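Please read the structure below before turning to the comments.
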2 protein chains.
Amino acid sequence: MSDQGARTRRRGEELIRAIHDAVLEEVVEVGVGRLTMDGIGRRAATPRTTLYRRWPGPIEVLLDALYHQHPVEEPAPGADDLRGDLIRALRLMVEWALSPAGRAVAAILTDPKGAALMSEALFERVFANRGGTFTRTVLRHYADRGRFPAELLTPVVADIGEALVTKRLIDTGAPPTDEDLAAIVDQAILPAIGLGP
Amino acid sequence: MSDQGARTRRRGEELIRAIHDAVLEEVVEVGVGRLTMDGIGRRAATPRTTLYRRWPGPIEVLLDALYHQHPVEEPAPGADDLRGDLIRALRLMVEWALSPAGRAVAAILTDPKGAALMSEALFERVFANRGGTFTRTVLRHYADRGRFPAELLTPVVADIGEALVTKRLIDTGAPPTDEDLAAIVDQAILPAIGLGP
DNA sequence: GGAATTAGATACATTCCTGTATCTAATTCC
DNA sequence: GGAATTAGATACAGGAATGTATCTAATTCC
C-alpha cells in the first residue's frame, strides 16, 4: 500500500471514476450522436474489453456516470435578501450548467435520440428530487414569507431567470457575468413579482 | 412537357429540392452527429454518387439546404395592440421553430461540432439580416411610439419572451399553446416594460 | 434522331466501430 | 508464495459509412 507510484494499472473504484470522467468529457466534445466505446476507451486510456465487461454500450456508460455524480446543489435562501439570493441561485445554475455533468445533461437533452434515454429516475437523481429548481426555490421561500404576493409566482414567472440564462448559454456559449445575472434579476424577475424599479 | 407522370427520374431543380427536403428531415430525426450521406441519400431516394457530385459531405448538404430556405417571416406590428402583437410574434417564433428549417437550425446550434459551422453569413441569410428578432421587433415598434419608456427595452427585456418559449420547447418538446404565449406576455414581458397588471 | 448531359445503379477498397474471444500481466487476497 | 481476480492487450469477423470508379439508362437539347 505504501508504494502506489509503482502501480501500472488502475483497479476497481479508481478505474470506474476514470471512465466516468472520460465519458463526461467525451460527450461534451463530440455529442451523444458521436459517442463511441472507442472514443471513451481512448479518453480513459482503457481498452474496450474493460468497458464491455461492465456496460453494453456507450450510452449506458454515460448514464451510469451521470447517476454517480453528486446531485445538483440546492440554493440556500437567507433571511431577507431576495435580490441577492436570486442572483446567487442563478450563479449556482450557471456553475452547474458549465460543470461536466451539466454539460452532459444538456448534450443528452438536446440530442434527438438522447432525450428519451433520460429516465425520470435519473432526472430525479441528478436534481435530487427536489420540488424546485434554482430560482423557483428562492422565489417560493420569499413568497411563503410574504415578501411578495404568492399568486404572482406562476410557472412562467418561476421560469424567467433560468430561461434567460439558458438562452444566453445557447446563443453565446459563454457564461453570463454577475452583471448579466443582476440585470436578469432586476429587469425581468423582480418586475414580474411586482418589485420592479 | 404534357406527360410528366411518365418520367422516372428527377432532374435539376426538382432533384435539388428533394435532396434539400430530405436532409432537413434527416437531421431532425438523427441529429447532426449522425447525419450521413447514406442517410440523406436513402431519404431522398437518390444514390450517394448524386450527392457527391454536388457536395463534399453531409454537413454541406445541410448548410446548402438551409441557405435555400425562405428567410424567417418578420412580425408585422399593427397600429395599437401591443399585447396582441407580442402574442402573434411569439406564435410566429413557435411556428418557425417547429418548421423543418427551424428544427434544423436548432439541431446545428446544439451540436458541439455543429455550432461552429453556422457561419455569420448563413445566420444572416436565415434571419434575413434584420436588426431584430420576434418580440424585439414588436417591442421596439411600440417603444418608438411612446407606448412605454424606451429605456426599459434592454437586451434582457427584449429576450424574455423568446427565452421562455425556447426553454419550454427544450423542456417539453411540445409547442406552447396560445394560452401559454398569452401567459408569457402578461406575466413576464408586460411587467418588465412597466405595463403589468 | 442522335449527341450531350445527367441521374441512377453497382462495385470496390478503406476506415471506423461493434462485439466477441483469447491471452498475458498486474494486483489483491489468503 | 500461490491462487484468484481483474485490467490490459491483441486478434478477429462483420457491419456501416466513406469516397471513388465505372457503367447504364433516362432526359434534354439541337
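In what follows, every chain begins at residue 1, and chains take the letters A, B, ... in the order their sequences are listed. Atoms considered below: every heavy atom in the structure, side chains included; atoms not considered: hydrogens, waters and symmetry mates. Worth saying up front: this structure is predicted, and the values here are computed from it rather than measured.
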- Could you walk me through whether B/Arg147 and B/Asp80 pass salt bridge (Lys or Arg N to Asp or Glu O under 4.0 Å), step by step? CA-CA 9 Å; B/Arg147 182 74 173 78; B/Asp80 189 31; 3.8 Å; yes

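Rounded to whole Å, atom C1' of C/dT27 lies 12 Å from atom CD of A/Glu14. Per the geometry, CZ belonging to A/Arg42 stands 16 Å off P belonging to D/dG8, to the nearest Å. Rounding to whole angstrom units, CD of residue A/Glu60 and C1' of C/dT18 are separated by 13 Å. When rounded to the nearest whole Å, the span between CD of B/Glu13 and P of D/dT27 equals 18 Å. Between the CG atom of A/Leu15 and the P atom of C/dT28 there is a distance of 12 Å, given to the nearest Å. As a whole-Å value, the separation of B/Ile40 CD1 from D/dG19 P is 12 Å. In this entry the distance linking OH of A/Tyr52 with P of D/dT10 reads 18 Å, nearest Å.
The phosphate of D/dA7 (OP1 or OP2) has a side-chain N or O of A/Arg54 nearer than 4.0 angstrom. The shortest distance between the side-chain N/O atoms of B/Thr8 and the OP1/OP2 oxygens of C/dA7 is not below 4.0 Å. The side chain of B/Thr49 places no N or O atom within less than 4.0 Å of a non-bridging phosphate oxygen (OP1 or OP2) of C/dG8. The phosphate of C/dG8 (OP1 or OP2) has a side-chain N or O of B/Arg10 nearer than 4.0 angstrom.
Partner assigned to D/dA13 is C/dT18, using Watson-Crick or G-U wobble distances below 3.5 angstrom. Nucleotide D/dA21 has C/dT10 as its partner under the Watson-Crick or G-U criteria, with both atom distances under 3.5 Å. Of all nucleotides present, only D/dT5 satisfies the Watson-Crick or G-U wobble test against C/dA26, with each distance under 3.5 Å.
Each of A/Arg53 and A/Arg34 was matched to the nucleotide of DNA chain C holding its nearest heavy atom; the match closer to the 5' end belongs to A/Arg34. For the pair B/Ala45 and B/Arg48, both in contact range of DNA chain C, the more 5′-proximal nearest nucleotide belongs to B/Ala45. If you find the closest nucleotide of DNA chain D to B/Asp38 and to B/Arg11, the one lying nearer the 5' end belongs to B/Asp38.
When every heavy atom of A/Ala192 is checked against every heavy atom of A/Ile160, the shortest pair comes out as CB-CD1, 3.6 Å.
A/His141 contributes a side-chain N or O that, together with a main-chain N or O of A/Gly78, makes up a donor-acceptor pair within less than 3.5 Å.
With rounding to the nearest 0.5 Å, the separation of CG in A/Leu117 from CG in A/Asp111 is 8.0 Å. Residue A/Met37 holds its CE atom at 8.0 Å from CH2 of A/Trp55, rounded to the nearest 0.5 Å.
Nucleic acid contact class of B/Gly39 (heavy atoms, under 4.0 Å, all strands): none.
At a cut-off of 3.5 angstrom, counting only N and O atoms as typed in the model, there is a donor on one side and an acceptor on the other between the side-chain of B/Arg9 and the base of C/dA7.
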